[in-house]
Q: 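Here it is, the structure in full.
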Amino acid sequence: MACYDGFGNLRDGRPFWVGDFNGNGRADMLFYYPGDRNWWLGSHAGIGGQLQWSFAGNTAGFGQVWDGRPFWIGNFSRIDRSEVLFYYPGDHNWWLGSHNGNQLQWSFAGNTAGFGQVWDGRPFWVGDFTGDGRSDVLFHYPGDRNWWLGSHAGIGGRLQWSLAGNTAGFGNVADGRPFWVGNFSRSDRREILFYYPGDRNWWLGTHNGSQLQWSFAGNTAGFGQVWDGRPFWIGDFNGNGRADILFYYPGDGNWWLGSHSGPGGKLQWSLAGNTLGKIAGQPNFGQVWDGRPFWVGDFTGDGRSDVLFHYPGDRNWWLGSYAGQFNWAFGGNTAGFGNVADGRPFWVGNFSRVDRSEVMFYYPGDGNWWLGSRDGGTLQWSFAGNTGRPYRSRLRLHLKVLTTPNVAINTMVDSMREVYRSAGIRVDVGSTEVFNLAQNPNLQLLNTLDIGRCVRGETTQEQRDLFANRNNVGTNDITVYFVQATNPPTNGCAAHPDGRPGAVVTQGATRWTLGHEVGHVLGLNHVNDNNRLMTGNGTANITNPPPDINSAESTTMDNSVLTITC
């Protein structure tokens, strides 16, 4: 089990959402951490940049919101940004979180106690069903077959609920049949499409400003039973401004595209290609519905939806763009990343640019984020930041300051962390204590410390007196004392009394002295190599920062009782 710095292992079950939360036209990453109830927003700085993380607020006042209550993302109260909406079954209250440029501001969005318990398994959908540019919440109640639409009244308002129709004539539509949301027959609003496996009929529900109007959208009995586990995707694949429905049949490798002919019409189905090589001129990918991941987005920036897939067998990516049929183009290879289809999370959004969709992934193994953006022929991968690296072990420092060093203590600690990170060791600072020497003459006398020969296992009385100051220090913690000088003069000394592991660092020390002296405490010796942290020629002579720790030194550090296995 590893320990982490930064945000820790973000693949620990905490929820993530994608949306344009800050209203800059690009997609952001939003997450909530149940451990401290904090929210964090990751916004990409743009082409060539990385994710910038900012604190987005705390919902401890709501209790534990990641307790199974539902969340939805949409631009509910305003058209210029995505918002977070949640419902709490305990009191039937709805709350809306809208980012104000600094943090999420939560506002009361209404109460549906009059409906009873709505989070009882009934289905919900989100989309702009009324065509006013803002997202609505639509639900169906199987008990009476009624549909209800919740539309937010705007900034400062609440959800207003209206009866959106009844489908008792269809029987129980919440029986497991599939539903999809998209602007299928018209470009100005979302519609709801369902398929009934019993008779193979498709039905489209369009809100007319008052209720949902249901129209027959066709029959696919000629395909056999399409709700048999084959995959479906929604997107504007043909570029006509309306949503299409795409499916792939593993039995023959064929792809079929369903495009609605518009108000009063039906779904028109056309063969969209074959990836088993059964059609001349088509690529033979073999069986693509074998567990490999697929994503839909406008990856080329032409205004049409594409299909992107990754094959773990050879680490190749392929992009399918529709032009009468799907044309497949090589999208690059990520063999250098190892097997990316190993369970790590992926997200799609226009993170760094507004003109096309991109693929973002996070690797828990090193805490790195990578962004894939199609520029030219293939996906170009760029480093998008790090939110916490894993470590094999950790050590705990306590800092005792008699004299503030010339190099800032934070700089010394950060420099130490940079080097120790390469050895898989996390450095924690347990406490910092600053002594008032004017009120403590005994410590004033130790500020120029007699260190004798500074040999491991051999200490002077002054060293023993100084190292007796161990407020808040645990048995296997390391104490570092920052003093004005030593006698004889050095940058630091790691000789310490038995049972009191620690070191001294002087006012004139370099940024690398802290890590060097603690290295001695962990059992490392000097080397004659100025590329290494443990150079015996003085850390001021380090020639290629950050200095190195080799594998043998890393093993010695791990074997110390002062490094705790994560």
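The basis for the numbers below is simple: all heavy atoms, side chains too, and nothing from hydrogens, waters or symmetry mates. In this chain, numbering begins with 1 at the start of the sequence shown.
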Q: Distance only, no hydrogens: is a donor on one side chain within 3.5 Å (strictly under) of an acceptor on the other, for T543 and N531?
A: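 Yes, N531 and T543 have a side-chain donor paired with an acceptor closer than 3.5 Å.
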Q: Rounded to the nearest 0.5 Å, what separates atom CG in L533 from atom NE2 in H526?
A: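 Between atom CG of L533 and atom NE2 of H526 there are 9.5 Å.
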Q: Establish, from distance only, whether the side-chain atoms of T387 and W369 form a donor-acceptor pair under 3.5 Å.
A: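 Checked: T387/W369 side chains pair up, N/O donor to acceptor below 3.5 Å.
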Q: Ignoring hydrogens and geometry beyond distance, is a side-chain donor-acceptor pair present between Y362 and R344 at under 3.5 Å?
A: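 No pair is found: no donor N or O on one side chain lies under 3.5 Å from an acceptor on the other.
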Q: Taking atom types as modelled and ignoring hydrogens, do the side chains of T506 and Q484 form a donor-acceptor contact shorter than 3.5 angstrom?
A: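 On atom types as modelled, these side chains do not qualify, holding no pair under 3.5 Å.
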Q: Under a 3.5 Å threshold, yes or no: a donor from one side chain and an acceptor from the other, between Q105 and S98?
A: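 S98 and Q105 do not have a side-chain donor-acceptor pair below 3.5 Å.
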Q: How far apart are the C-alpha atoms of W95 and T59, what are their side-chain angles, what is the distance that settles it, and do they pass the side-chain contact (heavy atoms from CB on, under 4.5 Å) test?
A: CA-CA 11 Å; W95 292 90; T59 46; over 6 Å; no
Q: In Å, rounded to the nearest 0.5 Å, how long is the span from CZ of F21 to NE2 of H99?
A: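 If we round to the nearest 0.5 Å, F21:CZ and H99:NE2 are 9.5 Å apart.
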Q: Could you tell me the separation between the OG1 atom of T555 and the CG atom of N550, rounded to the nearest 0.5 Å?
A: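 With rounding to 0.5 Å, OG1 (T555) is 8.5 Å from CG (N550).
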Q: Decide whether S554 and R392 meet the rule of one side-chain donor and one side-chain acceptor closer than 3.5 Å.
A: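 There is such a pair (donor and acceptor under 3.5 Å, judged by atom type) between the side chains of S554 and R392.
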Q: Quick one: do R353 and E358 make a salt bridge, cutoff under 4.0 Å?
A: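 Between E358 and R353 there is no salt bridge, as every charged N stays at least 4.0 Å from the carboxylate O atoms.
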Q: Which word best sums up how the rings of F337 and W381 line up, parallel for under 30°, tilted for 30 to 60°, or perpendicular for over 60°?
A: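 Because their plane-to-plane angle is over 60°, the rings of F337 and W381 count as perpendicular.
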Q: Side chains of Y391 and D5: is there a donor and an acceptor less than 3.5 Å apart?
A: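 Yes, D5 and Y391 have a side-chain donor paired with an acceptor closer than 3.5 Å.
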Q: For P546, is there any backbone N or O sitting under 3.5 Å from a side-chain donor or acceptor partner on N544?
A: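 No, N544 side chain to P546 backbone: no donor-acceptor pair under 3.5 Å.
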Q: Can any side-chain N or O of D306 pair as donor or acceptor with the backbone N or O of T300 at less than 3.5 Å?
A: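 Yes, because the side chain of D306 sits within donor-acceptor range (under 3.5 Å) of the backbone of T300.
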Q: With no hydrogens and no angle check, do the side chains of N487 and T448 hold a donor and an acceptor under 3.5 Å apart?
A: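 No, no side-chain donor-acceptor contact under 3.5 Å.
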Q: Quick one: does H516's side chain have a donor or acceptor within less than 3.5 Å of a partner on L514's backbone?
A: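 Looks like no, no N/O pair under 3.5 Å.
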Q: Starting at SG of C493, measure out to CZ of R453 and round the result to the nearest 0.5 Å.
A: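 One gets 11.5 Å once the value is rounded to the nearest 0.5 Å.
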Q: Kindly state whether the ring of W318 and the ring of F285 have centres lying under 6.0 angstrom apart.
A: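 Distance test on ring centres: under 6.0 Å, yes.
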Q: If we count only N and O atoms by modelled type, under 3.5 Å, do the side chains of T535 and N530 hold a donor and an acceptor together?
A: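 Short answer, yes.
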Q: Examine distances only and state if a side-chain atom of T411 and a backbone atom of V407 form a donor-acceptor pair shorter than 3.5 Å.
A: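 No, the answer is negative, given that no donor and acceptor are paired below the 3.5 Å cut-off.
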Q: Would you call D298-R356 a salt bridge at under 4.0 Å N-O?
A: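 No, D298 and R356 are not salt-bridged.
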Q: Kindly state whether the ring of F7 and the ring of F31 have centres lying under 6.0 angstrom apart.
A: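 Distance test on ring centres: under 6.0 Å, yes.
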Q: Please work out which of the three classes, parallel, tilted or perpendicular, describes the rings of W17 and W66, given edges at 30° and 60°.
A: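 Perpendicular.
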Q: Is the backbone of Q287 close enough, under 3.5 Å, to the side chain of R292 for a donor and an acceptor to pair up by distance?
A: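 It does hold such a pair.
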Q: State whether the side chain of R315 and the backbone N or O of G332 hold a donor-acceptor pair below 3.5 Å, judged by distance alone.
A: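 Not at all, since once roles are kept as given, no pair shorter than 3.5 Å links the two residues.
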Q: So that I can tick it off, tell me whether D20 and R26 are bridged by a salt bridge, with the cut-off set at under 4.0 angstrom between side-chain N and carboxylate O.
A: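 A salt bridge is absent here (no side-chain N lies under 4.0 Å from a carboxylate O).
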Q: Report the C-alpha distance between D80 and N75 in whole Å, list the side-chain angles of each, state the deciding distance to 0.1 Å, and finish with yes or no for side-chain contact (heavy atoms from CB on, under 4.5 Å).
A: CA-CA 7 Å; D80 64 337; N75 52 332; over 6 Å; no
Q: If we count only N and O atoms by modelled type, under 3.5 Å, do the side chains of N440 and Q444 hold a donor and an acceptor together?
A: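 Note: N440 and Q444 side chains miss the donor-acceptor criterion.
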Q: Could you please spell out the steps behind the side-chain contact (heavy atoms from CB on, under 4.5 Å) verdict for V340 and W317?
A: CA-CA 11 Å; V340 299; W317 295 70; 4.1 Å; yes
Q: Verify, without hydrogens or angle tests, whether T460 (side chain) and Q463 (backbone) share a donor-acceptor contact under 3.5 angstrom.
A: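 It does hold such a pair.
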Q: Check this for me: does any side-chain nitrogen of one of E553 and R532 sit under 4.0 Å from a carboxylate oxygen of the other?
A: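 A salt bridge links E553 with R532.
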Q: Does a side chain donor of either D366 or N386 reach within less than 3.5 Å of an acceptor in the other side chain?
A: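 Result is no, nothing qualifies.
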Q: Do T459 and R464 pair up side chain to side chain, a donor and an acceptor below 3.5 Å, judged on atom types alone?
A: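 T459 vs R464: donor-acceptor pair found between side chains.
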Q: Are V504 and T486 close enough, and set up right, to give a side-chain contact (heavy atoms from CB on, under 4.5 Å), and what steps lead you there?
A: CA-CA 9 Å; V504 294; T486 60; 4.2 Å; yes
